[in-house]
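Note sheet for the following structure.
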Amino acid sequence: MKPMPTLELWFVTGSQHLYGPVALKKVAEHSKVVAAALDASGHLPMRVVFKPVVTRPDEVTAVCRAANNAPHCAGLIMWMHTFSPAKMWIAGLKTLQRPWIHLHTQFGRDLPWATIDMDFMNLNQSAHGDREFGFIGSRMRLNRPVAVGHWSDDAVQARLGVWARAAAAWHDAQGARIARFGDNMREVAVTEGDKVEAQKTFGYAVNGFGVGDLVAHVRAASEAAVNRLCAEYDATYTVVKAMRKGGPKRFSLRDAARIELGIRSFLKTGGFKGFTTTFEDLHGLLQLPGLAAQRLMADGYGFGAEGDWKTCALLRAMKVMDRGLAGGTSFMEDYTYDLVAGSPKVLGAHMLEICPSIAAETPGLEVHPLGIGGRADPPRLVFDVAQGPAINATVVDLGNRFRMVVNELDVVGPSAPLPKLPVARAVWVPRPDFTVGTAAWIQAGGAHHSGFSRSLTAQSLEDFAGMAGIECLLIDAHTRLRDFQNEIRWNDTAY
Ligand code: MN
């Protein structure tokens with residue numbers, strides 16, 4: 001089964017009546033074959049559904065309107081098998097509100113050099129049909145990626161899959177609800193932002209709730225439910241001795257379980273897809289939610305610490321994108337540096353709230369004092385992160401618009417064991433290197449909080465930013481600081 005079984009992509013092929021009914025019948029047959037191949041591809045995380053070939057303006061408009069109104073349609077894949085005069089597409093594309101990708105392919109892969117005639121040429125003319133279609137997209141300033149290559153190629157299907165994941169996150173964000181318990185951490189700038197503009201731009205709504213409303217859900221957790229959840233903790237993690245059954249800190253784990261049950265109940269009741277907390281507003285909560293935030297992230301909820309609702313919503317989007325992929329995705333913070341000569345690194349972590357989906361091994365469940373928040377010692381999952389490529393992504397509010405920044409990373413792991421560090425952590429080197437990657441991130445205004453992923457590539461995030469119509473700055477192996485600074489300057493004008 002597909003990892004996103006409730007969603008579908010519509011495969012829409014454009015043509016016209018110039019070539020007669022026989023050619024159109026062939027176009028439809030071919031289009032069905034391509035749609036079926038994409039539907040069967042393991043790269044596509046959702047169903048791909050063939051739609052009848054469109055040949056007239058009213059048919060184009062009808063399929064675009066139908067896509068807008070189909071609740072499970074996450075987006076459209078468009079392909080011009082033959083020539084489809086693009087003025088026919090203006091009205092339809094004007095109304096289309098779903099993301100779409102232009103598949104620039106051709107039904108026949110190899111040119112039959114010895115037998116090619118004008119019939120073949122007229123039936124395999126995406127090379128110029130897709131240029132006519134591309135022109136109208138550009139003339140209308142429509143944001144859409146172009147996937148190029150034969151439809152059977154692995155790389156082409158992979159490109160469509162990466163985009164489809166972004167489309168799923170976009171679909172999920174429309175009408176999504178994010179709950180905030182408490183405000184942003186006082187005096188912090190980067191976690192602030194315009195929630196009205198965010199709703200207009202991304203589709204999600206952020207609203208605040210009294211911590212007391214959450215506390216009511218925490219208090220309503222039954223003893224039986226707390227017992228069951230603690231048994232689940234025992235079975236899932238390596239629980240430190242003091243918190244095992246009969247241990248002197250078992251009460252601490254039971255308090256954490258109550259908080260998890262309370263937050264779950266609150267989120268489920270209100271239909272929320274993410275939440276934020278702040279250590280400055282814990283009135284009535286015995287602990288800063290640590291374990292709860294970690295486990296809820298692992299279940300796909302967005303999370304932001306210190307009231308960071310932008311990172312919360314971004315993380316939720318990334319959690320939707322990575323469904324069914326290995327590697328994991330987490331809330332993250334650039335915490336401290338190893339500035340050792342020759343190979344400086346970032347140690348990423350947070351006070352507590354790192355998602356165990358990125359854990360390299362079974363997490364330990366430990367309890368330690370926390371210097372902030374003035375509450376009881378919170379249990380938390382402690383682990384390292386497996387080595388390999390990863391990304392960090394952030395969205396910042398520049399006052400008049402949002403900017404996304406994505407940095408490719410290489411997780412290298414700690415240089416030595418960290419026996420005294422009581423939090424989950426990841427150690428990485430930003431691309432192209434520590435100096436340029438870090439300088440570029442800071443020049444771009446990238447936050448200290450990010451969505452960190454070992455399962456996603458930068459392309460899904462760029463696709464998502466395109467759907468939102470916001471800037472996306474990529475810091476990767478090819479980034480040169482001088483060019484990057486110019487890109488920032490030029491983008492300020494462009495946006
Ligand atoms: Mn933080």
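Quick note: residue numbers are just sequence positions, from 1. Remember, it's 1-based here, ligands and their atoms both numbered in the order they're listed.
- Counting heavy-atom neighbours within 6.0 Å of Arg47 CZ, excluding the residue itself, gives a total of 12 or less.
- A donor-acceptor contact closer than 3.5 angstrom links the side chains of Glu333 and His350.
- With respect to Asp194 and Lys200, no salt bridge is recorded, no charged nitrogen being found less than 4.0 Å from a carboxylate O.
- Excluding waters, the protein N/O/S atoms found under 2.8 Å from the Mn ion (ligand 1) are Glu306 OE1, Glu333 OE1, His350 NE2, His449 NE2.
- Counting only N and O atoms by type, the side chains of Thr311 and His449 include no donor and acceptor under 3.5 Å apart.
- The closest donor-acceptor contact from the side chain of Lys319 to the backbone of Met297 lies under 3.5 Å.
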Checklist entry - Going through the checks in order, is the ring pair (Phe, Tyr, Trp, His ring centres under 6.0 Å) test met by Phe209 and Phe266? => result CA-CA 10 Å; Phe209 295 88; Phe266 188 99; 5.4 Å; yes

